[in-house]
Amino acid sequence: MPVTISSTLMPNHVAGKPLKPQRSLAVAYSDTRSPILIALDDEHRLTVTLPSATRTTGWAQVDLTDKLAAQGGLGAAPAVQCFAVSQDSDGSIWLIVAAADAVGADSKLFLSRKLPNTAQEGDWQDFARGLVPRAVPAGNVFSSLVLGSADDTGAAPHAVGVAMQAGQMKHYQVNPDTTDDSWTCLPLVLPQNATRCLAAACGSLADLGRGVYALCELGAGVNLTFTTLPEVVGGVPITESRQLGLPAGFTAGMTAALAALPVEGGRSELYLSGDGLYRYSSAAQSKSGLPGERIADSTLFTGTAGLVVTGSAGHGIDAWALNSADLLVHTSGTDSGGAAGWQLPVRLGNEVTAFAAYRTAPADGDLGSAAMALGRSDGSLALLTRDYSTNLWRTRTVSLEQPDTALELQTYTTRITVTDADGVPLGGKEVRISSGYDVGALVNGQYMALKQAVAKPVGTDPGGVITIVLETDGVTAPTYTVTVDATSTPADPAQAVKTLLRGITDGTQIADARRSDGKPLFPDGGNGAACDVAAAGVEQLMKAYDDLAGKPPTGPARSRRTVRAADLVSSVGVRHGADGIEVLRGESALAARAAVDSVEYLSPGDLLAALWAGLESFGDWLVSEISSGWEFVVRIGKQFVGFFITVAEQAVAAADWVLRHTLGISLEDVVAWLGYVFDWSDILKNHKVIAHLIDLGLDWTVGEAGRLKDALGGQFDTVRSHLVGDRIVVDQSNEIFAERLRKAPAAEAGADDQPQSNWAAQQLGGNVGGITVQPVTISDVPGCSTT
């Protein structure tokens with residue numbers, strides 16, 4: 001059964017608009033490892049945005065604020081003041097909300113039931129039914145909430161809220177046990193003489209149970225304690241506390257943050273940031289006064305207003321922080337080994353005002369995928385997802401369906417056409433599709449989480465076509481495996497782009513490059529030196545891609561081993577000197593790499609994400625083939641950082657960075673050069689021509705209807721004359737009846753394998769569904785009243 005597949009790197013459009021600005025964010029993962037975004041906007045409306053298989057943009061939104069109306073005494077138009085979200089290791093989601101009749105009115109607290117992470121809108125439409133009100137003292141207006149995990153008990157998690165009461169800040173802990181009537185909300189017991197609580201987190205110790213970590217000012221000093229949940233005895237709350245040792249340098253007035261990470265046995269590790277990043281393992285919390293271990297210095301982890309820690313012991317941990325310069329910083333490591341077990345922190349974003357992150361539980365030997373949501377000072381929202389197999393970060397647009405708005409996305413658009421042996425398209429044919437790594441895409445206009453391990457069934461449209469629209473922020477893409485009737489066909493959406501990249505061996509090929517509309521990529525001829533640099537890097541990295549394509553990952557993503565001169569096979573690089581940029585090849589490149597004393601190795605995704613963020617001063621870089629694989633190294637300031645290229649797609653991602661960084665071009669330029677970009681003014685002209693042709697056609701049709709009326713009348717008389725015994729006798733001697741009437745007409749070879757037809761078919765298929773038909777009566781044809 002013939003299957004033809006064509007792909008184009010091109011801009012595409014969905015009927016939608018980006019999510020509006022958000023003031024606070026939370027992100028959880030669904031059972032398909034897709035992000036679930038919970039956010040509070042500037043209008044104090046709480047929403048959940050989910051992957052959707054029924055929306056044109058692939059996202060659906062449920063307004064949770066409306067669900068709160070009339071709950072627990074709230075009015076018809078409540079305002080959400082703050083919220084917090086947590087997710088258990090089994091994926092279950094918990095939510096606590098502070099809401100009131102107006103933004104500044106007294107708060108009411110509500111704790112949700114245990115919510116499934118199936119990413120179904122129906123799970124959230126019934127959101128209010130499972131809310132449990134938690135009574136709080138009158139006069140409190142809550143400004144922030146912290147929610148723990150239920151991994152320790154399986155029941156609802158513990159919560160802490162910060163409120164203003166008569167101009168004073170108060171901290172309350174909320175009883176998660178709905179069967180316990182002894183208390184619902186009590187002031188958080190702070191150390192004696194505490195003047196201010198700087199940060200708090202909910203956790204659990206093996207010997208003490210649930211409680212709250214609190215970093216507090218005590219006059220000129222600072223104190224870090226763990227205090228258990230209160231037990232009310234004779235009307236008096238009784239708690240137990242344990243003081244943890246603080247590192248030198250923490251002083252009163254410092255902006256710091258805490259985060260608790262659930263680990264096995266119902267315990268939690270504590271992470272502290274502010275003047276560096278510190279980890280308190282379970283052993284470091286077993287008795288009072290034990291210090292935490294430093295896993296990052298204060299270079300980036302200083303004055304941190306927020307901290308999120310995700311992952312699991314034994315499978316790697318991610319730590320994210322928002323520091324005093326509004327920079328999102330990130331490091332990852334293991335659960336032991338101090339700083340030696342953690343990578344160099346990197347900057348992943350600037351002007352960040354809110355952020356959230358998650359990391360999925362490991363499955364089938366992988367390390368789990370990850371995602372983070374960033375709110376920026378300009379009101380924009382960025383959603384970044386990291387694939388566990390390639391370790392690369394991808395930016396995704398969160399947009400909501402809007403019929404009258406077209407949102408442009410840069411995409412790989414793939415068309416899969418299934419026909420029978422005669423070339424007749426097979427509509428409704430089941431095709432199973434898997435992806436080289438887990439990724440969300442629009443498949444025939446509906447969102448689908450394509451999986452590496454599962455081939456998902458998709459039915460062809462009436463034209464026998466399946467269209468996959470994959471948003472991309474670069475030139476990398478997963479390969480697809482398309483299976484029809486037990487026959488599998490591989491498809492690489494980026495194959496044409498890789499072929500073009502592989503053909504670049506000289507800077508003049510870039511300087512003379514043409515866009516798909518025929519215009520030069522560089523109208524001024526381009527910078528010859530920059531083009532030479534880009535060509536050298538792309539050529540070497542595509543050699544790495546070809547060497548690794550189809551092979552399993554070779555070695556760890558991160559390693560602290562030293563690359564010696566004897567390990568080097570070949571190298572290409574760039575050196576910045578007083579005389580400008582010099583391209584290094586052959587012996588000079590090998591000598592430059594051998595002269596690098598030490599390299600701080602990072603995960604490929606983190607280093608490339610940091611490079612894309614553009615927050616560092618980049619210098620020399622080298623791509624080297626070593627005896628055990630490939631290596632990419634770049635100098636940031638005076639330090640060399642790099643990664644081992646273990647997956648072929650990492651080489652393509654690095655080539656993409658070399659191109660854009662060296663040449664100063666945008667993704668839109670790359671798409672116009674290596675993919676296909678339409679001249680939209682010409683398309684608008686075509687629309688006008690088509691509309692005029694339709695008008696002419698309708699005029700002709702109305703006139704022709706009158707003529708056909710008479711002609712048909714004459715033909716019926718002819719038919720009557722051929723009736724023999726009330727039967728129509730058909731002459732079967734015509735040779736046309738010897739042919740198969742269903743055979744499809746021959747098409748121009750390769751006509752549907754072009755960007756133009758690819759785009760046209762996808763747009764036509766996506767828009768035909770929006771056509772409405774209205775009955776029209778042809779009244780100006782004599783004797784005709786047909787509708």
Side-chain angles (χ1 to χ4, degrees), residues 6-21 35 37 49 51-52 55-61 373-374 376 378-385 393-415 439-448 467-477 493-494 496-497 515-519 521 612 656 659-660 664-688 690 754-770:
S6 60
S7 296
T8 307
L9 177 63
M10 58 186 288
N12 220 314
H13 296 78
V14 295
K17 62 179 181 179
L19 206 62
K20 62 184 179 181
L37 182 65
T49 306
S52 171
R55 307 303 171 95
T56 58
T57 62
W59 296 93
Q61 188 175 84
L374 308 181
R376 302 188 187 276
D378 62 0
S380 63
L381 174 72
L383 179 63
L384 287 82
T385 57
W393 288 99
R394 296 175 56 247
T395 302
R396 296 180 60 184
T397 301
V398 182
S399 54
L400 301 178
E401 194 172 70
Q402 187 79 13
D404 58 351
T405 302
L407 175 66
E408 182 175 277
L409 303 175
Q410 303 302 326
T411 72
Y412 274 105
T413 298
T414 302
R415 291 183 71 239
V439 68
L442 293 176
V443 181
N444 281 355
Q446 296 184 330
Y447 174 83
M448 179 172 287
T467 303
I468 304 175
V469 178
L470 173 69
E471 182 183 4
T472 183
D473 57 356
V475 300
T476 61
V497 170
R515 296 161 54 99
S516 58
D517 57 9
K519 299 175 183 177
L521 180 63
W612 283 121
D656 188 12
L659 272 177
R660 286 197 262 167
I665 57 178
S666 66
L667 176 60
E668 289 75 12
D669 293 325
V670 172
V671 172
W673 170 28
L674 302 177
Y676 199 87
V677 175
F678 288 88
D679 188 328
W680 289 103
S681 61
D682 288 345
I683 289 177
L684 292 176
K685 292 176 185 176
N686 289 341
H687 285 177
K688 294 177 181 178
I690 292 171
Q754 301 296 322
Q756 296 92 328
S757 62
N758 195 339
W759 178 87
Q762 189 273 333
Q763 290 293 311
L764 182 63
N767 291 306
V768 163

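- Rounding to the nearest 0.5 angstrom, the gap separating the OG1 atom in Thr405 from the NZ atom in Lys17 is 7.0 Å.
- The side-chain hydrogen bond (donor to acceptor under 3.5 Å, both in side chains) search around Thr472 returns none, not counting sequence neighbours.
- Side-chain atoms of Asp473 come within 3.5 Å of backbone N or O of Thr395 as a donor-acceptor pair.
- Closest non-hydrogen pair, Val677 versus Ala672, comes out as CG2-CA, 3.4 Å.
- Shown here for Asp378 and Ser380, the closest heavy-atom pair between the two residues is OD1-OG, 2.6 Å.
- Under the side-chain contact (heavy atoms from CB on, under 4.5 Å) criterion, Ala477 pairs with Tyr412, Leu470, Pro493, Ala494, sequence neighbours left out.
- In summary, Asp517 and Arg515 engage in a salt bridge, as defined by a charged side-chain N under 4.0 Å from a carboxylate O.
- In this structure Thr56 satisfies the side-chain contact (heavy atoms from CB on, under 4.5 Å) test together with Ala15, Glu401, sequence neighbours excluded.
- Taking 4.5 Å as the limit, some side-chain heavy atom of Val439 sits within range of a side-chain heavy atom of Arg394.
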Review point. Between Thr476 and Asp656, does a side-chain contact (heavy atoms from CB on, under 4.5 Å) hold up when you go through it step by step?
Key: CA-CA 8 Å; Thr476 61; Asp656 188 12; 5.8 Å; no
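- Considering CG of Leu674 and CG of Leu521, their distance stands at 8.5 Å, rounded to 0.5 Å.
- Among all heavy-atom pairs drawn from Arg376 and Ala382, the shortest one is NH2-CB, 4.0 Å.
- Atoms CG and CG, from Leu659 and Asp669 in turn, are 11.5 Å apart once rounded to the nearest 0.5 Å.
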Point to revise | Working for side-chain contact (heavy atoms from CB on, under 4.5 Å), residues Leu407 and Thr57 | key: CA-CA 9 Å; Leu407 175 66; Thr57 62; 5.7 Å; no
Exercise for review: Determine, step by step, whether Tyr676 and Thr413 satisfy the side-chain contact (heavy atoms from CB on, under 4.5 Å) criterion, reporting the C-alpha distance in whole Å, the side-chain angles of both residues, the deciding distance to 0.1 Å, and the verdict.
Suggested key: CA-CA 11 Å; Tyr676 199 87; Thr413 298; over 6 Å; no
Point to revise | Criterion side-chain contact (heavy atoms from CB on, under 4.5 Å) on Leu37 and Leu381, from CA distance to verdict | key: CA-CA 11 Å; Leu37 182 65; Leu381 174 72; 3.6 Å; yes
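- Listed here is the closest heavy atom pair of Ala406 and His13: CB-CD2, 4.3 Å.
- In this structure, the side chain of Glu471 engages the main chain of Thr397 through a donor-acceptor pair within 3.5 Å.
- The nearest pair of heavy atoms linking Leu400 to Ala60 is CD2-C, 4.4 Å.
- Using a distance-only test at 3.5 Å, with no hydrogens or angles considered, no donor-acceptor pair links the side chain of Trp59 to the main chain of Tyr447.
- Here the rule is side-chain contact (heavy atoms from CB on, under 4.5 Å) with Thr411, and of Asn12, Thr8, Val671, Leu9 only Asn12 fits it.
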